[in-house]
Visitor: 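Supplied in structure tokens, the structure appears directly below.
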Amino acid sequence: MGRRKKIVEECETLMDNPEHIRNIAIAAHVDHGKTTLTDNLLAGAGMISDETAGEQLAMDTEEDEQERGITIDAANVSMTHEYEGDNHLINLIDTPGHVDFGGDVTRAMRAVDGALVVVDAVEGAMPQTETVLRQALREGVKPTLFINKVDRLISELQEGPEEMQRRLLNVIDDVNELIRGMTEEMDDIEDWTVSVEEGTVGFGSALYKWGVSMPSMQRTGMDFAEIMELERADERQKLHEKTPLSDVVLDMVCEHFPNPIDAQPMRIPRIWRGDADSELADTMRLVDEDGEVVLMVTDIGVDPHAGEIAAGRVFSGTLEKGQDLYVSGTVGTNRVQSVGIYMGGEREEVDRVPAGNIAAVTGLKDAIAGSTVSSVEMTPFESIEHISEPVITKS
Ligand code: GDP
């Protein structure tokens with residue numbers, strides 16, 4: 001069987017297994033390394049070649065993004081990762097890294113249950129770090145931390161072990177102070193501060209593809225002294241082979257981010273303003289694949305062959321071709337032409353996409369980013385203004 005076919009089959013099996021799904025975002029201040037890290041994860045999961053990771057910039061799909069070297073549009077990629085003997089489906093939604101597109105960040109956060117916050121070790125927490133954290137926490141999205149560009153502390157700034165440790169602990173303290181301040185008043189959120197001991201903090205270099213966490217150091221026997229030695233000796237390939245960044249980060253994702261079944265009961269009351277006692281609220285909380293279909297659209301992409309693709313999180317029910325679905329803020333229904341999931345950065349058509357997954361749908365001609373698409377008329381997740389003919393304004 002071809003490799004691609006095998007991955008498709010793996011994804012299709014995992015789709016029906018919400019315990020093994022993680023819907024996540026990587027969020028960061030611009031230039032802290034989100035794109036480089038994402039490519040590492042895709043390469044580590046076998047979705048793009050290891051050699052091109054870092055150059056390929058898989059998430060930067062728009063031409064002008066590549067020209068400007070920044071990520072604008074929310075895009076979706078998926079990968080599989082084996083953790084503790086079980087395969088997992090990890091759906092990654094890209095969040096734009098800069099201030100002007102704050103609306104997009106919030107929307108992407110709504111579709112995920114975990115946010116890996118990337119912070120540059122040299123710059124530390126920056127204003128956009130605070131913004132993305134606030135957006136994540138407001139949406140009930142659990143954070144973990146990856147401190148990137150640690151290679152620079154060692155090779156460029158020539159820091160010694162104590163100095164480096166102090167700097168890294170400062171970054172963690174700053175991030176935790178932000179998290180504490182933001183969650184103080186939220187009684188549905190437990191302690192979501194991050195900690196090295198618990199394994200919710202990773203360190204490393206997305207550029208040189210190595211990473212560590214407390215659990216990974218225990219597993220590989222690597223310690224900071226050895227890392228510093230290899231990094232200084234320019235033995236980065238060896239460092240990558242001994243402690244690959246993608247394994248460390250993807251293990252952290254599987255271990256510390258909630259699956260949809262654990263996340264939705266807490267998140268639905270937080271992100272959906274409809275009747276909490278309704279059957280629909282129940283099916284969404286329970287990730288019921290037999291319930292009414294509810295899809296929250298995070299992004300509209302264009303496929304040269306298939307036309308407009310609406311991508312988003314299925315909170316309830318099962319999406320299938322031929323369904324007639326309501327689109328919030330518009331009159332009438334749209335018929336689903338095809339449903340798919342993401343594999344790497346590519347869309348793969350499948351027969352059905354059950355609750356808990358990120359789906360790619362064609363045929364939803366009235367949907368825009370932010371639309372709620374459903375098999376019954378319902379309170380939408382987001383009030384949005386439709387700027388089309390005729391102009392319909394929803395409040
Ligand atoms: P984004 O804006 O957060 O997506 O950041 P990018 O992934 O595009 O990275 C911004 C710049 O930092 C690029 O020039 C990367 O090559 C560089 N970079 C990313 N990760 C690292 C790292 O771990 N170490 C070093 N030294 N540079 C890095």
Side-chain angles (χ1 to χ4, degrees), residues 24-44 48 50-77 92-102 104-105 108 115-133 135-136 143-159 164 167-168 171 175 201-213 224 227-228 230-232 234-237 239-240 243-249 345:
I24 68 161
I26 300 183
H29 188 83
V30 68
D31 274 350
H32 280 200
K34 188 182 63 177
T35 312
T36 314
L37 176 63
T38 302
D39 279 352
N40 258 269
L41 301 186
L42 283 168
I48 58 175
D50 204 15
E51 290 74 42
T52 51
E55 287 149 39
Q56 193 149 335
L57 303 179
M59 298 288 271
D60 284 351
T61 50
E62 308 243 329
E63 253 175 57
D64 67 329
E65 285 180 34
Q66 297 205 347
E67 274 168 28
R68 290 158 63 189
I70 51 170
T71 311
I72 299 169
D73 200 15
N76 310 279
V77 294
L92 175 58
I93 296 198
D94 187 27
T95 55
H98 48 146
V99 188
D100 319 355
F101 296 82
D104 269 3
V105 180
L116 179 68
V117 178
V118 179
V119 176
D120 179 327
V122 180
E123 284 201 344
M126 293 290 279
Q128 194 67 14
T129 313
E130 183 173 347
T131 309
V132 294
L133 257 177
Q135 281 162 334
T144 61
L145 175 64
F146 182 74
I147 307 183
N148 191 32
K149 306 197 187 183
V150 173
D151 61 285
R152 292 187 58 198
L153 303 184
I154 305 168
S155 303
E156 209 178 295
L157 305 183
Q158 298 279 325
E159 290 189 347
M164 192 166 99
R167 190 195 279 272
L168 296 175
V171 174
V175 167
V201 177
F203 313 89
S205 167
L207 188 61
Y208 299 118
K209 306 173 193 174
W210 59 265
V212 288
S213 64
F224 259 105
I227 289 167
M228 292 176 87
L230 287 171
E231 173 66 42
R232 285 227 171 91
D234 211 358
E235 299 254 26
R236 288 157 171 159
Q237 182 59 23
L239 204 45
H240 163 58
T243 185
L245 172 65
S246 55
D247 280 358
V248 171
V249 171

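Note that the numbering runs from 1 along the sequence shown for the chain. Indexing begins at 1, ligand by ligand and atom by atom, following the structure's order.
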Visitor: Can you find a side-chain donor-acceptor pair between His29 and Glu123 that sits under 3.5 Å?
Guide: no
Visitor: Salt bridge (Lys or Arg N to Asp or Glu O under 4.0 Å) between Arg236 and Asp234: does it pass, once the steps are laid out?
Guide: CA-CA 5 Å; Arg236 288 157 171 159; Asp234 211 358; 3.4 Å; yes
Visitor: Mark up the atoms of ligand 1 that fall under 4.0 Å of a heavy atom belonging to Arg152, in ascending order.
Guide: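 Answer for ligand 1: 26 (N).
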Visitor: Looking only at atom types and distance, does a side-chain atom of Asn148 sit under 3.5 Å from a main-chain N or O of Asp120, one as donor and one as acceptor?
Guide: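 Looks like no, no N/O pair under 3.5 Å.
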Visitor: Under 4.0 Å from any heavy atom of Thr36, which atoms of ligand 1 are there?
Guide: 6 (P), 7 (O), 9 (O), 15 (C), 19 (C)
Visitor: Which one of Asp120, Ile26, Thr35 has a non-hydrogen atom at the shortest distance from atom 4 (O) of ligand 1?
Guide: Thr35
Visitor: What do we get for Asp151 next to ligand 1 when only non-hydrogen atoms under 4.0 Å count, side chain, backbone, both or neither?
Guide: side chain
Visitor: With sequence neighbours left out, what residues match Glu156 under side chain to side chain donor-acceptor pair (under 3.5 Å)?
Guide: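 Applying side chain to side chain donor-acceptor pair (under 3.5 Å) to Glu156 gives Arg152.
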Visitor: When you measure from the side chain of Thr36 to the backbone of Leu207, do you find a donor-acceptor pair of N or O atoms at a distance under 3.5 Å?
Guide: no
Visitor: Counting only nitrogen or oxygen atoms and a 3.5 angstrom limit, does Tyr208 reach ligand 1?
Guide: no
Visitor: Closer than 4.0 Å to some heavy atom of Lys34 - which atoms of ligand 1 meet that?
Guide: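 With Lys34 as reference, the close atoms of ligand 1 come out as 1 (P), 3 (O), 4 (O), 5 (O), 7 (O).
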Visitor: Is there a polar contact, in the sense of an N or O pair closer than 3.5 Å, between Lys149 and ligand 1?
Guide: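 For ligand 1, there is an N or O atom that lies under 3.5 Å from one belonging to Lys149.
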Visitor: Near Asp31, which atoms of ligand 1 are under 4.0 Å from a heavy atom of that residue?
Guide: 1 (P), 2 (O), 3 (O), 5 (O), 10 (C), 12 (O)
Visitor: Sequence neighbours left out, what passes side chain to side chain contact (heavy atoms under 4.5 Å, CB included) with Asp247? Give chain and number order.
Guide: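 With neighbours one apart ignored, the set is His81, Pro244.
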Visitor: State the CD1-CD distance between Ile154 and Glu159, to the nearest 0.5 angstrom.
Guide: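 That separation rounds to 9.0 Å.
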Visitor: Could an N or O of ligand 1 be found under 3.5 Å from any N or O of Leu207, whether backbone or side chain?
Guide: yes
Visitor: Is there a nitrogen or oxygen of Ala206 sitting under 3.5 Å from a nitrogen or oxygen of ligand 1?
Guide: yes
Visitor: Determine whether the side chain, the backbone, both or neither of Ser205 has a heavy atom under 4.0 Å from any heavy atom of ligand 1.
Guide: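 Both of them.
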Visitor: Gly33 versus ligand 1: do any nitrogen or oxygen atoms come within less than 3.5 Å of each other?
Guide: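 Looking only at distances, the answer is yes, because the N/O contact criterion of under 3.5 Å is met.
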